[in-house]
Q: 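My structure is below; once you've seen it, I'll send some questions.
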Amino acid sequence: TSFIYSFVSSGQSTQTITLYYGKSPHGSKLHRELIAEGRTSSSSPASVSTNATHLLTPTTHLLTPTTHLLTPTTPLLTPTTPPAYLVLPILYLVQTEKCLPSYLQSNDVLGNGSLGFDVMVLSYKEACDNPPLRHVHYFLNSNTTWTTGRNLLFEAAMNRNKNYLYYVFMDGDIVLIDLKNSNPWRKFEAFLRSVEPAIAAVDLVQDNNFLKMVRDVHRDRQCSREEEDYISCVWFDAIFNAFHYNAVHRILPYDSTYDKLSWYASQMAVIARSEVLFRGQVVLHTQVVGENREHRPYPRGFYFPENMFKRWLSDFAERHVQSSKLLQCANVYVNQWRTMGVEHGWSSSTLCLPPPPPHDVIEPGWYSCA
């Protein structure tokens, strides 16, 4: 930057001085260059007589400062929406004869709605005359089977004007036990939120039960893996099942076609759908187990009529499966069920699959079929 001044020295002609600020043509220091009449060289700074009377007459000295418009950038502080697994509540869907058993109404179980869950109860014998807890909704239908009762709960849940993270279907006579002596209900809820599988179930404590065979026989002898808090499974008992909101509408409603033969058949269809659509994303919690303390009479038995398998395939093709890849998997698994029966549940290679990472995208066909 330079400033130019004119001045008159006594007895001499008008001279001009140019003051350079910053880096001048002669270096980095402040430099003055005096160019006198007849002098054209500016190779070195000129000296000015100290006897001269300097009349500094500035020529046009327009110091126009640069106007800095300091407009601060306003950050767009758009609140980040918390992930669903942190904010959405859980919905428990229960079938019982009249009212929730007293132990289920305790604060340690389902009695405290401030803990992030609601409860819907289907009373299938008598209406519950107890004042319901605020977060518990009862309704009565005495003309149901186990299967159709769960379908009524499913329909009522889908019609609620509220979103849930998991839909937990359970029988009213279940007791949960934590093998490490903490609260099994809160532990299972924390597991759902921290892992977020497509479908989750609990093991049972009864001796010689199917799930015990899955965990103790197949995992230890065939998969050769260490005991984990949760493992992939094929077969899972219907007593306590949690369906993620991205999975529940793909699996349910239950198929009541074979209720007169066996109430197990509707759960078999759920298991088959789950394996086809969410292979490896169906998990069994190994530290929280369930105990069924009451056994009511109902049609039971592992009955596999041939037309049941054909119905499964037709069901996949028409309603659940939209890709040729998954239809191919449906044929593979249905044929395995047809030829092996329930043995497929503890011999399938699915059991050795590592479960997907926590909070992974829940989509059909995460693992390819075996």
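Treat the numbers as computed from the prediction; the structure is a model and nothing was measured.
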Q: Should Arg273 and Asp315 count as side-chain neighbours, where that means a heavy-atom distance under 4.5 Å?
A: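 Counting from C-beta outward, Arg273 and Asp315 do come under 4.5 Å.
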Q: Using side-chain contact (heavy atoms from CB on, under 4.5 Å), reason through Leu140 and Ser123 one step at a time and then give a plain yes or no.
A: CA-CA 5 Å; Leu140 171 69; Ser123 303; 4.2 Å; yes
Q: With rounding to the nearest 0.5 Å, note down the distance linking OG1 in Thr339 to CZ in Phe309.
A: 8.5 Å
Q: Looking at every heavy atom in both Gly290 and Leu176, which two are closest together, and how far apart are they?
A: CA-CD2, 4.1 Å
Q: Give the ring-plane orientation class for His135 versus Phe117, where under 30° counts as parallel, over 60° as perpendicular and anything between as tilted.
A: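 Ring orientation, 0 to 90° scale: perpendicular.
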Q: With distance as the sole criterion, is a donor-acceptor pair present between the side chains of Asp171 and Trp146 under 3.5 Å?
A: yes
Q: To the nearest 0.5 Å, what is the distance between CD1 on Ile231 and CG on Leu284?
A: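 Reported value, rounded in 0.5 Å steps: 5.0 Å.
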Q: Answer yes or no: is there an ion pair linking Asp118 with Arg134, defined by an N-O contact shorter than 4.0 Å?
A: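 Not counted as a salt bridge, because no side-chain N and carboxylate O are separated by less than 4.0 Å.
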Q: So, applying ring-ring contact (aromatic ring centres under 6.0 Å, His included) with His244, which one of Phe278, Tyr167, Tyr166 is it?
A: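 So the option named by the test is Tyr166.
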Q: Do Phe139 and Met120 come close enough that some side-chain heavy atom pair is under 4.5 Å?
A: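 Yes, at least one pair of side-chain atoms sits under 4.5 Å.
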Q: Report yes or no: do Arg150 and Thr145 form a side-chain donor-acceptor pair below 3.5 Å?
A: no
Q: Please find the pair of heavy atoms, one from Ile362 and one from Arg250, that lie closest to each other, and give the distance.
A: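 What the structure gives for the nearest pair is O-NH1, 4.4 Å.
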Q: Can any side-chain N or O of Arg193 pair as donor or acceptor with the backbone N or O of Leu88 at less than 3.5 Å?
A: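 Yes, the answer is positive, given that a donor and an acceptor are paired below the 3.5 Å cut-off.
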Q: Quick one: closest heavy-atom pair of Leu353 and Gly280, and the distance?
A: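 Closest approach of Leu353 to Gly280, heavy atoms only: CD1-CA, 4.2 Å.
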Q: In Å and rounded to the nearest 0.5 Å, what is the CD to CD distance from Glu275 to Gln281?
A: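 Going from CD on Glu275 over to CD on Gln281, the span is 12.5 Å.
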Q: Does Tyr245 have its ring centroid less than 6.0 Å away from the ring centroid of Tyr164?
A: no
Q: For residues 95-200, which residue pairs pass the disulfide (SG to SG under 2.5 Å) check, not counting sequence neighbours?
A: Cys99-Cys128
Q: I would like to know whether Met268 and Trp235 meet side-chain contact (heavy atoms from CB on, under 4.5 Å); could you show each step before the answer?
A: CA-CA 8 Å; Met268 289 293 299; Trp235 179 279; 2.9 Å; yes
Q: Which pair of non-hydrogen atoms, one from Thr286 and one from Tyr230, has the smallest distance, and what is that distance?
A: OG1-N, 4.1 Å
Q: Checking Arg311 against Asp255 for the side-chain contact (heavy atoms from CB on, under 4.5 Å) test, could you report, in this order, the C-alpha distance in whole Å, the side-chain angles of both residues, the deciding distance, and whether it holds?
A: CA-CA 10 Å; Arg311 180 175 175 80; Asp255 185 355; 2.7 Å; yes
Q: Which distance, rounded to the nearest 0.5 Å, do you find between the CG of Leu100 and the CD of Glu97?
A: 12.5 Å
Q: Is the shortest side-chain heavy-atom distance between Tyr92 and Glu189 below 4.5 Å?
A: yes
Q: Out of curiosity, does Tyr264 fall in the hydrophobic cluster containing Met340 (side-chain heavy atoms, cut-off under 4.5 Å, transitive links)?
A: no
Q: His285 vs Phe191 aromatic rings, parallel, tilted or perpendicular, using cut-offs 30° and 60°?
A: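 Plane angle over 60°, so perpendicular.
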Q: If you compare all heavy atoms of Val288 against all heavy atoms of Val202, which two are closest, and at what distance to 0.1 Å?
A: O-CB, 3.4 Å
Q: Should Arg186 and Asp108 count as an ion pair when the cut-off is N to O under 4.0 Å?
A: no
Q: Just so I know, are the side chains of Tyr124 and Asn143 near enough to count as touching, which here means a heavy-atom distance under 4.5 Å?
A: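 Of all side-chain heavy-atom pairs linking Asn143 with Tyr124, none is under 4.5 Å.
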Q: Spell out, as yes or no, whether a donor-acceptor pair under 3.5 Å connects the side chain of Ser348 to the backbone of His344.
A: no
Q: Contact between Asn241 and Gln267 at the side-chain level, heavy atoms closer than 4.5 Å - yes or no?
A: yes
Q: Any non-hydrogen side-chain atom of Trp337 less than 4.5 Å from a side-chain atom of Val234?
A: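 Touching, per the 4.5 Å side-chain cut-off.
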Q: Check whether the ring centres of Tyr333 and Trp312 lie less than 6.0 Å apart, and answer yes or no.
A: no
Q: Set out, in order, the CA-CA distance, both residues' side-chain angles and the distance that settles side-chain contact (heavy atoms from CB on, under 4.5 Å) for Leu152 and Thr144, then state yes or no.
A: CA-CA 9 Å; Leu152 286 175; Thr144 62; 3.6 Å; yes
Q: Given side chains that start at C-beta, do those of Leu326 and Pro364 come closer than 4.5 Å, heavy atoms only?
A: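 A side-chain contact under 4.5 Å exists here.
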Q: Is there a donor-acceptor pair closer than 3.5 Å between any side-chain N or O of Ser194 and the backbone N or O of Ala190?
A: yes
Q: Decide if atom CG of Asn163 counts as having more than 12 heavy atoms of other residues, nucleotides or ligands within a radius under 6.0 Å.
A: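 12 or below, so no.
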Q: Can you tell if the side chain of Val109 reaches within under 4.5 Å of the side chain of Gln105, non-hydrogen atoms only?
A: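 No, too far: nothing below the 4.5 Å cut-off.
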Q: Distance check, rounded to the nearest 0.5 Å: Asn151 atom CG versus Leu252 atom CG?
A: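 Between Asn151 CG and Leu252 CG, I get 7.5 Å after rounding to 0.5 Å.
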Q: Could you tell me how the ring of Phe169 sits relative to the ring of Phe243: parallel (under 30°), tilted (30 to 60°) or perpendicular (over 60°)?
A: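 Phe169 vs Phe243 ring planes: perpendicular.
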Q: Determine, step by step, whether Thr147 and Ser256 satisfy the side-chain hydrogen bond (donor to acceptor under 3.5 Å, both in side chains) criterion, reporting the C-alpha distance in whole Å, the side-chain angles of both residues, the deciding distance to 0.1 Å, and the verdict.
A: CA-CA 6 Å; Thr147 303; Ser256 61; over 6 Å; no
Q: Within this structure, what is the CG-CG distance for the pair Leu91 and Leu165, rounded to the nearest 0.5 Å?
A: 11.5 Å
Q: If you compare all heavy atoms of Leu115 against all heavy atoms of Asn107, which two are closest, and at what distance to 0.1 Å?
A: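 Closest approach of Leu115 to Asn107: CD1-O, 4.2 Å.
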